[in-house]
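Source: prediction; values computed, not measured. All chains are named by letter (A, B, ...) in the order of the sequence lines, taking the proteins before the strands, and each is independently numbered beginning at 1.
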Amino acid sequence: MASYDFKSTEKKWAEKYEEFDGNKGVDFENDREKFYMLTEFPYPSGSGLHVGHAFAMTAADVYARFQRMQGKNVMFPMGWDAFGLPTENYAIKSGRKPQEITKEVTNTFHEQMKKLGFSFDWDREVNTTLPEYYKWTQWIFTKLFEKGLAEKQEMPINWCPKDKIGLANEEVVDGKCERCGTETAKRTISQWVVKITDYADRLINGLLDTEFIEKVKAAQINWIGKKEGINIDFEIENSVHKIQCFTKFPETIYGVTWIAIAPEHPLVAEIVSESHSTSVSQEVSQYLKETKKKSEFERTSGVSEKTGVFTGAYAINPVNGKRIPIWIGDYVLANFGTGAVMGVAAHDKRDYMFAEKYGLDIVQVEVPPEDPAYLIDSYEKVIEDGLMVNSGKFNGMKAREEAFGAVSNWMIENEWATKKVEYHLRDWIFSRQHYWGEPIPMVFCEKDGWVSIPATDLPVVLPEVEKYLPTDTGESPLANIKEWVETTCPKCGEKAKRETDTMPNWAGSDWYFLRYCDPHNTDVLADEKKMEFWLPVDVYVGGDEHNTLHLLYSRFVYQFLWDLGVVPKNITEPYKKRISHGVILGPDGNRMSKSKGNVIVPDEFVEKYGADSLRTYLMFMGPFDATMVWNERSLVGVRRFIEKFYNLIELHAGNNEVSDGESAKAINRLIKQATEDVAEFKFNTVIARLMETVNALSKPGSNITKSDLGSMIKVLSLFAPFVAEELWARIGGGFSIHTQQFPVYEEKYLISDTVLLTVQVNGKLRGTLMIDPEEYQERVIEEAKKSEKIKKYLDSGEIKKVIYIKGKTINFVVG
RNA sequence: GGGCAGGUGGCGAAAUGGUAGACGCGCAGCGUUCAGGACGCUGUGAGGCAACUCUUGGGGGUUCAAAUCCCCCCCUGCCCACCA
């Protein structure tokens with residue numbers, strides 16, 4: 001038998017699909033249920049579509065095809081998240097325009113996706129770098145500004161002293177500049193900051209309205225990191241100043257033996273001068289000098305030893321009047337909490353180490369309930385769920401359950417402290433000193449300050465420049481274009497200057513799923529009725545790495561737009577279900593990377609084995625969310641299966657056969673499993689069942705009806721769309737198989753008159769019986785006794801008990 | 001340090017309380033072929049001639065019955081982290 005020629009077949013159908021409209025989502029259609037299937041749009045890099053993209057997109061494609069065949073009106077769009085550093089760096093290196101490069105690579109990606117048979121609705125394609133798209137990204141920013149959620153703040157950025165440029169966090173690798181390897185420093189510059197923390201509680205609560213898988217919900221809640229505690233005011237001896245410390249553990253207040261403040265704390269200078277000791281002040285300034293010299297990486301990596309210096313000043317513990325020394329410590333972060341912490345050595349590992357190093361007191365305030373005499377002698381023995389000791393009137397209370405609340409309330413009543421909620425979530429630094437991003441649509445006017453560009457003047461088009469490198473001052477290259485920078489104030493008409501920073505890569509991807517609903521609208525970001533029709537996104541497939549930042553930012557932007565009233569009022573959360581896909585490792589079991597030379601490029605395998613084989617292999621590798629190792633041998637196995645499938649259909653296609661009975665059973669089992677498992681993203685087991693079915697029906701003498709052949713091909717069409725289309729045509733089906741209804745299994749084929757029953761004696765398997773599954777216990781016992789093999793075990797004692805599970809097993813307890 | 005996933009043959013994996021290892025890879029034998037490849041058939045967890053015994057990271061428990069449920073421990077991967 002001639003082997004299947006995938007090359008010409010896939011080419012033939014791919015061409016035909018150019019004219020095919022069965023993949024398009026239809027606005028406002030009432031007959032069919034809508035289904036919005038979304039998968040993350042890629043950053044189109046010069047190296048082309050990655051196998052990881054192919055994996056995620058194939059899974060989404062299988063699911064979208066399945067929903068269509070269930071009779072739904074499916075929107076399954078694709079686009080390009082094309083602003084970003086790799087393109088900019090490539091432009092710098094090659095001297096070409098990023099616009100041109102982007103056009104080229106998106107074309108490549110587009111072609112690759114078509115070859116892979118993804119059923120995207122290309123009429124809805126979006127590109128974040130096109131002015132008609134980023135007009136609305138900019139518009140969203142102006143609204144954030146107008147509502148007071150975006151403001152300029154002095155913020156530290158990563159600075160490369162050699163290249164003289166600001167670096168995004170992802171450009172800093174192990175504390176060094178990704179481009180030149182120089183150790184980076186922090187530099188404070190004025191940046192746009194978006195106050196996402198104002199939405200922190202809503203972003204937590206909104207999760208209740210979603211069906212995200214648990215791990216995604218956990219990741220989001222964790223990332224927001226809500227912490228409830230109190231801010232305690234410590235008076236400073238002989239001073240008008242107070243030091244405020246945030247703590248999650250108010251119940252440890254009697255255990256405080258020092259206070260540590262960040263080297264950047266605003267009170268450092270005053271505290272030291274008030275101590276009136278020259279030797280102390282010299283020591284402190286020496287310490288501050290050294291701390292500054294330490295790189296940010298060293299200070300925050302967690303590996304370096306904690307250091308500190310005594311300021312000479314003392315604070316007063318409000319609850320017992322005790323004098324406690326004030327230290328400066330480089331382990332205290334200036335930008336978390338109040339920039340000052342209370343030291344409780346007995347109940348915190350890091351505090352214990354600091355106290356040991358500098359000989360500070362250790363006061364234990366909790367003991368384990370089962371051992372009230374227990375004394376802490378090592379930081380490893382931090383007590384959980386302890387009882388209070390050395391804590392005045394709180395002694396004997398359960399630390400967390402009782403003392404936490406009692407101490408907090410008491411301290412608040414006495415005005416020593418206030419309630420405080422802290423978040424791990426930081427405000428969102430929105431400025432980038434780079435070229436290839438959306439210009440931030442703001443101007444600075446001497447009279448009016450910062451003014452946003454009115455909607456009618458958007459977009460602020462990214463001007464073309466000669467050089468894409470940032471300027472010597474660290475500003476974006478846009479700062480060099482005088483005629484662009486110098487403009488007039490939209491408010492007063494006087495001379496003003498444009499903002500030259502651009503937006504981060506997240507900006508365009510925050511709201512792209514809205515644009516897909518109405519991609520060509522020139523009046524609004526998307527028509528509200530269309531959004532109401534399509535939203536929420538029913539299933540959003542993406543990677544774990546985007547479960548925090550991207551997902552959170554885009555939920556925030558949606559909630560903000562909801563407050564503005566430009567998205568449907570009845571839809572409070574944009575994504576109904578979020579699921580995360582697995583990762584494919586290189587053949588050597590390592591994460592794929594250019595430097596390791598283990599990158600798998602899908603093109604090569606499409607060429608060698610065909611898109612159908614590659615897709616089916618990707619879905620067969622393992623569970624959808626697993627970490628899997630690429631193995632070409634297994635791909636060969638899948639190609640073998642497709643050829644076997646092809647040959648089986650070829651063999652039966654011309655005949656009008658009557659089912660042999662067995663084939664109908666096999667097909668119906670297949671349909672049942674496919675229907676149930678595809679719905680749960682369990683693709684590997686569906687393909688295994690397909691293989692079993694093909695193996696069973698390939699036995700000589702099998703007779704299969706045309707409609708059963710059709711059902712098999714339909715299941716295959718989810719994974720291998722091209723060969724399925726070909727085979728569908730071979731058995732006389734009309735174009736296209738992808739507009740057909742998914743087969744429905746019939747219960748009657750799944751019921752059999754006999755079933756294999758396992759017979760256990762004392763829980764151990766001793767034999768099997770072929771028997772009517774509806775048979776009663778007495779009959780089954782009788783049959784079991786007839787079997788020599790089983791009888792042997794039954795005779796070894798008295799039958800004390802019999803457990804019979806109909807159709808599955810019978811267990812004799814013999815003693 | 002925190003969070004989240006996991007641990008089953010030589011390998012990727014099935015099985016979510018009822019025949020552990022479906023399906024695929026690899027391997028072995030046979031067939032086909034001038035040969036190689038491709039293909040087809042058969043076998044393939046371990047031990048044992050066999051009857052049989054053992055086997056899901058380790059230990060304990062619940063149950064007539066545990067890979068699956070509960071407790072303790074060990075190990076691996078991913079994400080985050082001087083977060084007070």
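- Between A/Phe246 and A/Phe336, the two ring planes are perpendicular [angle over 60°; tilted spans 30° to 60°].
- Taking atom C1' in both B/rA81 and B/rG2, one finds a spacing of 7 Å when rounded to whole Å.
- The A/Tyr793 side chain lies nearest to B/rC52 when the options are B/rG18, B/rA84, B/rC52.
- Nucleotides B/rA38 and B/rU44, compared at atom C1', are 22 Å apart to the nearest Å.
- Nearer the 5' end of RNA chain B, as judged by each residue's closest nucleotide, is the contact made by A/Ala626, out of A/Phe246 and A/Ala626.
- Taking atom C1' on both nucleotides, B/rA51 is separated from B/rU56 by 26 Å, rounded to a whole Å.
- Within 4.0 Å (heavy atoms only), A/Leu756 reaches at least one base atom of the nucleic acid.
- With distances taken from any side-chain atom of A/Lys248 to the nucleotides B/rA84, B/rC64, B/rA13, the minimum falls on B/rA84.
- Counting non-hydrogen atoms of other residues, nucleotides and ligands closer than 6.0 Å to NZ of A/Lys226 gives a total above 12.
- For A/His550, the side-chain contact (heavy atoms from CB on, under 4.5 Å) partners are A/Glu40, A/Trp506, A/Ser509, A/Tyr512, A/Tyr540, A/His546, A/Ser554, A/Tyr575, not counting sequence neighbours.
- Of the C1' atoms belonging to B/rA46 and B/rA20, the separation is 14 Å, rounded to the nearest Å.
- Using a 4.0 Å heavy-atom cutoff across all strands shown, A/Lys792 reaches sugar-phosphate atoms only and no base atom.
- B/rG31 shows a glycosidic angle more than 90° from 0 and is accordingly assigned anti.
- Among the protein residues, A/Arg591 comes within range of the sugar-phosphate backbone only, with heavy atoms under 4.0 Å from sugar or phosphate atoms but none that close to a base.
- When the C1' atom of B/rA5 is taken as reference, atom CG of A/Leu585 falls 14 Å away, rounded to whole Å.
- When the C1' atom of B/rU42 is taken as reference, atom NZ of A/Lys699 falls 13 Å away, rounded to whole Å.
- Counting to the nearest Å, the C1' atom of B/rA38 and the CG atom of A/Asn647 are 13 Å from each other.
- Per the geometry, CG belonging to A/Asn222 stands 11 Å off P belonging to B/rA5, to the nearest Å.
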Legend entry - Test salt bridge (charged side-chain N to carboxylate O under 4.0 Å, His left out) applied to A/Glu783 and A/Lys786, step by step: CA-CA 5 Å; A/Glu783 283 297 317; A/Lys786 279 188 202 160; 3.1 Å; yes
Inset, instruction - For nucleotides 21-32 of chain B, just jot down a letter per nucleotide in 5' to 3' order: B, S or -, based on protein non-hydrogen atoms under 4.0 Å. - result: -BBSSS------
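- In this structure, A/Lys800 fails the cation-pi test against A/Phe812, since its NZ or CZ atom is not both closer than 6.0 Å to the six-membered ring centre and inside 45 degrees of the ring normal.
- Here the P atom of nucleotide B/rA84 and the CD atom of A/Glu251 are 13 Å apart, to the nearest Å.
- Nucleic acid contact for A/Asn811: base, since at least one base atom lies under 4.0 Å from a heavy atom of the residue.
- With distances taken from any side-chain atom of A/Arg766 to the nucleotides B/rC64, B/rU53, B/rU19, the minimum falls on B/rU53.
- Using the six-membered ring where Trp is involved, A/Tyr609 and A/Phe605 have ring planes that are parallel, under 30° apart on the 30 and 60° scheme.
- One interatomic measurement links the two molecules: CE of A/Met592 to C1' of B/rC78, which rounds to 16 Å at whole-angstrom precision.
- Rounded to whole Å, atom C1' of B/rG3 lies 13 Å from atom CG of A/Asn547.
- Side-chain nitrogen and oxygen atoms of A/Lys801 include at least one within less than 4.0 Å of the OP1 or OP2 phosphate oxygen of B/rC64.
- Comparing the P positions of B/rU76 and B/rU8 gives an interatomic distance of 14 Å, to the nearest angstrom.
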Legend entry - Trace of the salt bridge (charged side-chain N to carboxylate O under 4.0 Å, His left out) decision for A/Glu662 with A/Lys699: CA-CA 11 Å; A/Glu662 284 307 305; A/Lys699 294 213 170 90; over 6 Å; no
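- Secondary-structure stems of RNA chain B, taken as three or more successive Watson-Crick or G-U wobble pairs (i with j, i+1 with j-1) under a 3.5 Å distance threshold, comprise B:1-7 with B:74-80, B:10-12 with B:23-25, B:26-31 with B:39-44, B:45-47 with B:52-54, B:57-61 with B:69-73.
- Between A/Glu692 and A/Arg669 there is no salt bridge, since no side-chain nitrogen of the basic residue lies less than 4.0 Å from a carboxylate oxygen of the acidic one.
- Residue contacts for A/Thr627: at a heavy-atom cut-off of 4.0 Å it reaches the sugar-phosphate backbone alone, with no base atom in range.
- Atom NZ of A/Lys789 sits in a sparse spot, with 12 or fewer heavy atoms from other residues, nucleotides or ligands closer than 6.0 Å.
- B/rA67 sits 15 Å from B/rG58 when the C1' atoms are compared, rounded to a whole Å.
- Atom CG in A/Asp588 sits about 18 Å away from atom P in B/rC11, given to the nearest Å.
- A cation-pi arrangement is present between A/Arg766 and A/Tyr793 under the rule of less than 6.0 angstrom and at most 45 degrees off the ring axis.
- When the nearest nucleotides of RNA chain B are assigned to A/Asp625 and A/Asp544 by heavy-atom distance, the more 5′-ward of the two goes with A/Asp625.
- Rounded to whole Å, the P atom of B/rC70 lies 15 Å from the corresponding atom of B/rU62.
- When the C1' atom is compared between B/rG24 and B/rG17, the two are found 28 Å apart, to the nearest whole Å.
- Residues A/Phe354 and A/Trp258 bring their aromatic ring centres within 6.0 Å.
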